[in-house]
Amino acid sequence: GENVEQHPSTLSVQEGDSAVIKCTYSDSASNYFPWYKQELGKRPQLIIDIRSNVGEKKDQRIAVTLNKTAKHFSLHITETQPEDSAVYFCAAKGGSNNNDMRFGAGTRLTVKP
Amino acid sequence: GAGVSQSPSNKVTEKGKDVELRCDPISGHTALYWYRQRLGQGLEFLIYFQGNSAPDKSGLPSDRFSAERTGESVSTLTIQRTQQEDSAVYLCASSLAVRGSYEQYFGPGTRLTVT
């Protein structure tokens with residue numbers, strides 16, 4: 001089955017700096033890669049996603065890049081703010097007829113004011 | 001509309017007892033997932049239901065864990081003979097799971113404490 005690895009496990013940045021979180025996946029048939037944000041004591045919520053036919057997607061301060069050949073994808077947050085502090089999870093969905101979703105172990109991002 | 005709901009929100013049980021956790025997905029969502037999240041840890045996949053297909057049980061940690069779903073409605077996760085290491089938040093998520101719409105909507109979770 002799919003195996004998703006995520007790095008780093010913790011990340012601390014100064015407010016205004018950029019943050020980058022990286023994930024790799026094992027199943028070359030995977031075709032959908034979401035990122036979820038989980039604030040303390042709350043449920044995970046989707047913040048951005050990318051499909052395998054796209055190399056990059058941007059939404060305001062958040063962007064995701066995908067390298068299918070290398071089987072890795074990254075989350076980029078620019079101009080970080082204290083409210084970006086949370087745990088971020090990447091995930092990968094199986095191929096066309098497979099909606100199995102596996103998550104990375106998470107990255108705890110702390111943005112220091 | 002209503003989101004994913006789970007019950008109970010908190011459950012404290014004695015070691016060795018059985019527990020049943022419930023998940024009500026969003027109406028019309030064909031896919032339903034159960035995850036376990038230990039304190040400060042990631043989302044550990046347990047089981048996945050897709051419509052009337054056989055569920056993917058590959059994440060269940062032992063035969064003490066089982067789950068059922070009737071059609072595309074409610075799901076229950078049962079843990080028999082609970083152990084202290086079962087203490088965690090159990091999250092359920094549902095998804096429309098059709099082309100172009102794979103976002104998972106999570107429930108609030110059930111916090112299970114085994115004493």
Side-chain angles (χ1 to χ4, degrees), chain A residues 1-10 21 23 25-27 29-54 57 59 64 85-110, chain B residues 2-6 9-10 23-26 28-60 69 72 88-111:
Chain A
E2 177 67 274
N3 182 45
V4 178
E5 296 193 354
Q6 182 171 349
H7 301 279
S9 56
T10 61
I21 302 170
C23 288
Y25 61 99
S26 61
D27 186 354
S30 291
N31 61 3
Y32 172 72
F33 307 91
W35 286 87
Y36 285 79
K37 176 182 180 182
Q38 186 178 30
E39 296 177 350
L40 189 63
K42 297 189 176 180
R43 69 192 82 180
Q45 291 194 307
L46 180 73
I47 55 171
I48 195 167
D49 56 17
I50 191 167
R51 286 165 173 74
S52 57
N53 58 348
V54 175
K57 183 177 179 181
D59 182 4
V64 57
S85 296
V87 178
Y88 291 82
F89 294 98
C90 63
K93 187 190 81 67
S96 299
N97 296 317
N98 181 0
N99 292 320
D100 193 359
M101 192 83 72
R102 300 300 171 103
F103 284 78
T107 296
R108 183 174 301 278
L109 173 65
T110 303
Chain B
V4 178
S5 61
Q6 291 184 245
S9 55
N10 280 284
C23 172
D24 283 88
I26 293 172
H29 280 196
T30 62
L32 187 148
Y33 307 78
W34 283 99
Y35 298 93
R36 178 169 69 181
Q37 188 172 33
R38 293 195 168 104
L39 188 63
Q41 302 297 310
L43 299 171
E44 179 186 358
F45 168 79
L46 296 177
I47 189 168
Y48 152 62
F49 297 89
Q50 173 66 58
N52 294 317
S53 301
D56 177 354
K57 304 180 181 180
S58 61
L60 294 178
R69 187 185 188 195
E72 295 183 355
V89 174
Y90 289 82
L91 288 163
C92 170
S94 72
S95 172
L96 196 56
V98 296
R99 187 173 177 84
S101 185
Y102 304 114
E103 177 177 356
Q104 290 192 355
Y105 294 82
F106 283 83
T110 294
R111 182 177 299 279

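Reminder, nothing fancy here: chain letters follow the sequence lines and each chain counts from 1. The basis for the numbers below is simple: all heavy atoms, side chains too, and nothing from hydrogens, waters or symmetry mates.
Remark: side-chain polar atoms of A:Glu2 are paired, donor with acceptor, to backbone N or O of A:Ser26 under 3.5 angstrom.
Between chain A and the options B:Ser53, B:Pro108, B:Gly109, heavy-atom pairs under 4.5 Å are most frequent for B:Pro108. The residue among A:Ala105, A:Gly106, A:Pro44 with the most heavy atom pairs within less than 4.5 Å of chain B is A:Pro44.
Between A:Arg102 atom CZ and B:Ser58 atom OG the span is 4.0 Å, to the nearest 0.5 Å. With values rounded to the nearest 0.5 angstrom, A:Leu46 atom CG is found 9.5 Å from B:Phe106 atom CZ. Within the model, atoms CZ of B:Arg36 and CD of B:Gln41 stand 11.0 Å from one another, a figure rounded to the nearest 0.5 Å. Atom CG of B:Leu32 and atom CD of B:Gln104 lie 9.5 Å apart (nearest 0.5 Å). Annotation: the span from A:Tyr36 atom OH to A:Met101 atom CE amounts to 5.5 Å, rounded to 0.5 Å. Atoms SG and OH, on B:Cys92 and B:Tyr105 in that order, are 14.5 Å from each other to the nearest 0.5 Å.
Using a 4.5 Å cut-off between heavy atoms, B:Glu44 makes no contact with chain A at all. Within the 4.5 angstrom heavy-atom criterion, atoms from both the backbone and the side chain of B:Glu103 approach chain A. Within the 4.5 angstrom heavy-atom criterion, only side-chain atoms of B:Phe45, from C-beta onward, approach chain A. In this structure, chain B has no heavy atom under 4.5 Å from any part of A:Gln6. Neither the backbone nor the side chain of A:Pro34 comes within contact range of chain B; no heavy atoms are under 4.5 Å apart. Heavy atoms of B:Tyr35 lying under 4.5 Å from chain A belong exclusively to its side chain. If you measure heavy-atom distances from A:Asp100 to chain B, the contacts under 4.5 Å come from both the backbone and the side chain. Proximity to chain A is limited to the side chain of B:Leu91, based on heavy atoms less than 4.5 angstrom apart. Heavy-atom distances place the backbone of B:Val4, and not its side chain, under 4.5 Å from chain A.
Counting heavy atoms from C-beta outward, A:Trp35 and A:Cys23 have side chains that approach closer than 4.5 Å.
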